[in-house]
Amino acid sequence: MKLMSAQGPSGSLSAVWKWVQSIAWCFVFDHVTGDRTIARPDDYDYWRSFELPYWGAPMLSFVAPNPRTLVPEERTMNVNPGGDATGDPRFDAGDQDLWQFRRIAARQNFADGFYDSDIVLANWPQLDYVSGSIIDTDDRQHHLNAAKAQSRAYVYWLQTEAPRPDGGRGWPGLRLRGDLVGTADGFAQAPYIRESRRIKALTTVREQDISVKARGDAGPARFDGSVGAGMYRIDLHPSTGGDNYIDVECAPFEIPLGALVPVATQNLVPAAKNIGTTHITNGAYRLHPVEWNVGESAGELVAYCLDLGLSPRQVATDEHLVDRLQGRLTAAGIELHWPHIAGYWPTRGAARAESTKEPLL
């Protein structure tokens, strides 16, 4: 199974297979009384000065490019705010205040005193590790260690140097919550991996298939033999090859059965973000709801093949068998098609105001 690197209109002509989206080593934290500062990392000075040429500031800052305009913007972090500052998700990406951007428990949603603090998942641009790929490389462990080191340095920076709204520096009361992620150090058990190996599939989803601009149509992108549906922008984080964000308006889309079936490999069905996409379209199909749908449909496909004594390729290339599989998926509660809705671009305002609300992941 090879990392396929086919590009579309938004891809770099010089892209190579080892250029993949950044990984991020997430952590969960809250804010309590007392000093919870971790030990100063040995490599803190390195990360404190590390800056990407297009970022606008060191990674240990509140600055990051706006994914859609690529203009560096300074975020805020208001610890345990009294309310919710985010707006309509069609026009507000919700990422300006980092505390609220990935907050997983807001204390105002619970009975008084149930939580002393909100609980926040740090999965922020500043944690994106771009210095190397962990896929099919001899130095995989080095890059895993470095990604975690970058996040560890960011925790220490938040606790000691980050600018506070009151003019002070650092929140020593920020507490890593290893009890919530099942680790002793408070960091996630594994990194967040946005891009993986992908099969060479019977059907490869291209940017031209799902991009609103490339298609000239914001309506649902349909495929023969749909086994599910999804919706997200084509959203690529900075890559190990030096690319900044790539953000493309995307139509609601279907998941083609052919993207789950390898061209040649037998007895293999992908069940996550390893289906037949390109580096570009993976940016839309990589999102969790789509992965979950792929996993469900892959399981049903395998069970169907075992019942009939057939291979996935035999099913995918027989219209009658595909119809029967789709009936099985529908009976299992899997949506195969979108109603007619349109993708949107926030700055276009009311012209797209009827659009669906996309998730923020």
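Since we're looking at a predicted model, the values are computed, not measured.
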For a side chain to side chain contact (heavy atoms under 4.5 Å, CB included) check, start with the C-alpha distance between Tyr192 and Leu121, then their side-chain angles and the critical distance, and finish with the verdict.
CA-CA 12 Å; Tyr192 176 29; Leu121 168 67; over 6 Å; no
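- Looking only at distances, a side-chain donor or acceptor of Gln266 sits under 3.5 Å from a matching main-chain atom of Ala264.
- The main-chain N or O of Thr277 is never found under 3.5 Å from a side-chain atom of Thr281 such that the two would form a donor-acceptor pair.
- Residues Tyr245 and Pro125 form a side-chain contact, since some pair of their non-hydrogen atoms from C-beta on lies under 4.5 Å apart.
- Looking at heavy atoms from C-beta onward, Val20 lies out of side-chain contact with Ser239 at the 4.5 angstrom threshold.
- A pairwise comparison of heavy atoms in Pro238 and Trp55 identifies CG-CZ3, 3.9 Å as the closest pair.
- Arg194 contributes a side-chain N or O that, together with a main-chain N or O of Ser22, makes up a donor-acceptor pair within less than 3.5 Å.
- The distance from the CG atom of Asn282 to the OH atom of Tyr285 is 11.0 Å, given to the nearest 0.5 Å.
- Of all heavy-atom pairs spanning His279 and Glu195, the tightest one is ND1-OE2, 2.9 Å.
- In this structure, CG on Leu321 lies 6.5 Å from CG on Leu308, to the nearest 0.5 angstrom.
- Summarising the geometry of Pro270 relative to Val294, their closest heavy-atom pair is O-CG1, 4.1 Å, with the distance given to 0.1 Å.
- One finds a salt bridge joining Glu254 and Arg222 here, because a Lys/Arg side-chain nitrogen approaches an Asp/Glu carboxylate oxygen to under 4.0 Å.
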Would you please test Gln108 and Tyr115 for side-chain hydrogen bond (donor to acceptor under 3.5 Å, both in side chains) and show each step?
CA-CA 9 Å; Gln108 64 261 32; Tyr115 283 124; over 6 Å; no
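- For Lys273 (side chain) and Ile193 (main-chain N/O), a donor-acceptor pair under 3.5 Å exists by modelled atom type.
- For the atom pair Leu257 CG and Leu325 CG, the distance stands at 6.0 Å (nearest 0.5 Å).
- For CG of Asn267, the number of neighbouring non-hydrogen atoms (other residues, nucleotides, ligands) closer than 6.0 Å is 12 at most.
- When the shell of 6.0 Å around CD of Glu74 is examined, it contains more than 12 heavy atoms from other residues, nucleotides or ligands.
- The residues Asp97 and Arg102 are annotated as not salt-bridged, no charged nitrogen and carboxylate oxygen being separated by less than 4.0 angstrom.
- A salt bridge is defined here as a Lys NZ or Arg NE, NH1 or NH2 lying under 4.0 Å from an Asp or Glu carboxylate O, and Arg206 with Asp209 meets this definition.
- Cys250 contributes atom SG, which lies 12.0 Å from atom CD1 of Ile280 (distance to the nearest 0.5 angstrom).
- Of the inter-residue distances, the one linking Thr278 atom OG1 with Arg198 atom CZ reads 6.5 Å to the nearest 0.5 angstrom.
- In this structure, Ser311 contributes its side chain and Gln314 its backbone to a donor-acceptor pair below 3.5 Å.
- For the pair Arg152 and Phe187, the distance from NZ or CZ to the six-membered ring centre is under 6.0 Å and the angle to the ring normal is within 45 degrees.
- At a threshold of 4.5 Å between side-chain heavy atoms, the hydrophobic network of Ile, Leu, Val, Met, Phe, Trp and Tyr places Val79 and Ile104 in two separate groups.
- Relative ring orientation between Trp124 and Tyr154 is described as perpendicular, the plane-to-plane angle rising above 60° on a 0-90° scale split at 30° and 60°.
- You'll find the side chain of Glu296 reaches within 4.5 Å of the side chain of Ile334, heavy atoms only.
- Remark: the backbone N or O of Ala57 is paired with a side-chain donor or acceptor of Glu51 at under 3.5 angstrom.
- Side-chain contact between Leu52 and Val130 is present, with heavy atoms from C-beta onward closer than 4.5 Å.
- The closest donor-acceptor contact from the side chain of Trp338 to the backbone of Phe253 lies under 3.5 Å.
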His337 and Ser226: CA distance, side-chain angles, deciding distance, side chain to side chain contact (heavy atoms under 4.5 Å, CB included) verdict:
CA-CA 7 Å; His337 306 288; Ser226 174; 4.0 Å; yes
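- Linking Ile, Leu, Val, Met, Phe, Trp and Tyr residues whenever their side-chain heavy atoms come within less than 4.5 Å places Val322 and Tyr304 in a single cluster.
- A salt bridge links Arg75 with Asp95: at least one charged nitrogen is closer than 4.0 Å to a carboxylate oxygen.
- The 12-atom threshold is exceeded at CG of Asn145, counting heavy atoms of other residues, nucleotides or ligands nearer than 6.0 Å.
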Test log, rule side-chain hydrogen bond (donor to acceptor under 3.5 Å, both in side chains), inputs Asp118 and Trp99
CA-CA 9 Å; Asp118 297 344; Trp99 182 275; 2.9 Å; yes
Intermediate values then yes/no, salt bridge (Lys or Arg N to Asp or Glu O under 4.0 Å), Arg107 and Asp112:
CA-CA 8 Å; Arg107 66 196 189 287; Asp112 289 347; over 6 Å; no
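- In this structure, Arg313 contributes its side chain and Val263 its backbone to a donor-acceptor pair below 3.5 Å.
- Enclosure of atom CG in Asp138 is not indicated, since only 12 or fewer non-hydrogen atoms of other residues, nucleotides or ligands lie within 6.0 angstrom.
- Looking only at distances, a side-chain donor or acceptor of Gln150 sits under 3.5 Å from a matching main-chain atom of Gln126.
- Following chains of ILVMFWY side-chain contacts shorter than 4.5 Å, one cannot reach Val63 starting from Val71, and the two form parts of different hydrophobic clusters.
- The cluster map of Ile, Leu, Val, Met, Phe, Trp and Tyr, joined by side-chain heavy atoms under 4.5 Å apart, puts Leu144 and Val181 in different clusters.
- Here the closest heavy-atom approach between residue Gly186 and residue Leu176 is recorded as CA-CB, 4.0 Å.
- Residue Asp307 qualifies as enclosed at atom CG: its count of foreign heavy atoms under 6.0 Å is above 12.
- Scanning all heavy atoms of the two residues, the minimum distance from Pro163 to Phe62 falls at O-CE1, 3.5 Å.
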Hey, mind stepping through Asp235 and Arg233 against salt bridge (Lys or Arg N to Asp or Glu O under 4.0 Å) and telling me if it holds?
CA-CA 5 Å; Asp235 169 29; Arg233 300 182 67 80; over 6 Å; no
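- A distance-only check finds a donor-acceptor pair linking the side chain of Gln159 to the backbone of Arg36 [under 3.5 Å].
- Interatomic distance, Ser151 OG to Met59 CE, rounded to the nearest 0.5 Å: 9.5 Å.
- At a threshold of 4.5 Å between non-hydrogen side-chain atoms, the residues Ser297 and Ile255 do not count as touching.
- Around CG of Asp318, the count of heavy atoms belonging to other residues, nucleotides or ligands within 6.0 Å exceeds 12.
- Both Val269 and Val227 are part of a single hydrophobic cluster, where members link through side-chain heavy atoms under 4.5 Å apart.
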Side chains of residues 23-32: which donor-acceptor partners sit under 3.5 Å, not counting sequence neighbours?
from: Trp25; atom 1: NE1; to: Ala188; atom 2: O; distance (Å): 2.8
from: Asp30; atom 1: OD1; to: Arg175; atom 2: NE; distance (Å): 3.0
from: Asp30; atom 1: OD2; to: Arg175; atom 2: NH2; distance (Å): 2.6
from: Asp30; atom 1: OD2; to: Arg177; atom 2: NH1; distance (Å): 2.8

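- The heavy-atom pair separating Pro81 from Gln100 by the smallest distance is CG-NE2, 3.8 Å.
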